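All of these numbers come straight from a predicted model, not from anything done at the bench.
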Amino acid sequence: MSQQSPDNVSIDEIPVDIDTTQSAEVEPADVPDKIESITRGLAGEQPSTNPLVVLKAARWWYIHGKGGTDPAFQWAIEWARHRATDTPSDVERFDEFLEYLVTVGFAEERSTLR
């Protein structure tokens, strides 16, 4: 069992940095590789169909991004809802998510995400 300090805890082997929680300032280098991979996948042609994986990314973005208003969090929740209910997803929310990924620095422009 690993030791955890009060300012850096781990949930499901994904670190939670207490100092940067809901800072709204996410740097690409601060995003764990697994979360970056899941997040980029949600922008791609074949996003994860496993809601637990998607919700893991949603949790990270909620904690480290803009909370409930974070576009990556909102899209991950929307994608999980879409998969669970087999109903159409919100295209506007997806567009906001793609714009956010450019803002965060995951892509130069939206067209490079797909």
Closest non-hydrogen atom pair between A57 and I38, with its separation: CB-CG2, 3.5 Å
Any residue meeting side chain to side chain donor-acceptor pair (under 3.5 Å) with Q74, in chain and number order, not counting sequence neighbours: none
Hey, mind stepping through L55 and I77 against side-chain contact (heavy atoms from CB on, under 4.5 Å) and telling me if it holds? CA-CA 7 Å; L55 292 173; I77 294 298; 3.6 Å; yes
How about W60 and V31: do any of their side-chain heavy atoms sit closer than 4.5 Å? yes
Is it true that a side-chain atom of W79 and a backbone atom of S48 form a donor plus acceptor pair closer than 3.5 Å? yes
If I take atom OH from residue Y100 and atom CZ from residue F106, how far apart are they, to the nearest 0.5 angstrom? 9.0 Å
Walk me through whether E96 and W75 qualify under side-chain contact (heavy atoms from CB on, under 4.5 Å). CA-CA 8 Å; E96 290 171 11; W75 177 250; over 6 Å; no
Between H82 (side chain only) and E78 (backbone N and O only), is there a donor and an acceptor less than 3.5 Å apart? no
How close do P47 and G44 get, heavy atom to heavy atom, and via which atoms? CD-O, 3.6 Å
Test side chain to side chain donor-acceptor pair (under 3.5 Å) applied to T87 and R81, step by step: CA-CA 8 Å; T87 56; R81 183 201 61 78; 2.6 Å; yes
What verdict does the side-chain contact (heavy atoms from CB on, under 4.5 Å) test give for W61 and V26, after you've listed the backbone C-alpha separation in whole Å, the side-chain angles of each residue and the deciding distance to 0.1 Å? CA-CA 9 Å; W61 285 103; V26 176; 3.7 Å; yes
Atom pair CG/CZ of D95 and R93 - distance to nearest 0.5 Å: 12.0 Å
Taking C-beta and beyond as the side chain, do D70 and F97 meet within less than 4.5 Å on heavy atoms? no
Test your reading of the model: is there a side-chain donor-acceptor pair from S37 to the backbone of D33, 3.5 Å cut-off? no
CD1-CD1 distance between I63 and I35, expressed to the nearest 0.5 angstrom: 9.5 Å
Of the non-hydrogen atoms in A76 and A58, which two are nearest, and what is the gap between them? CB-CB, 3.6 Å
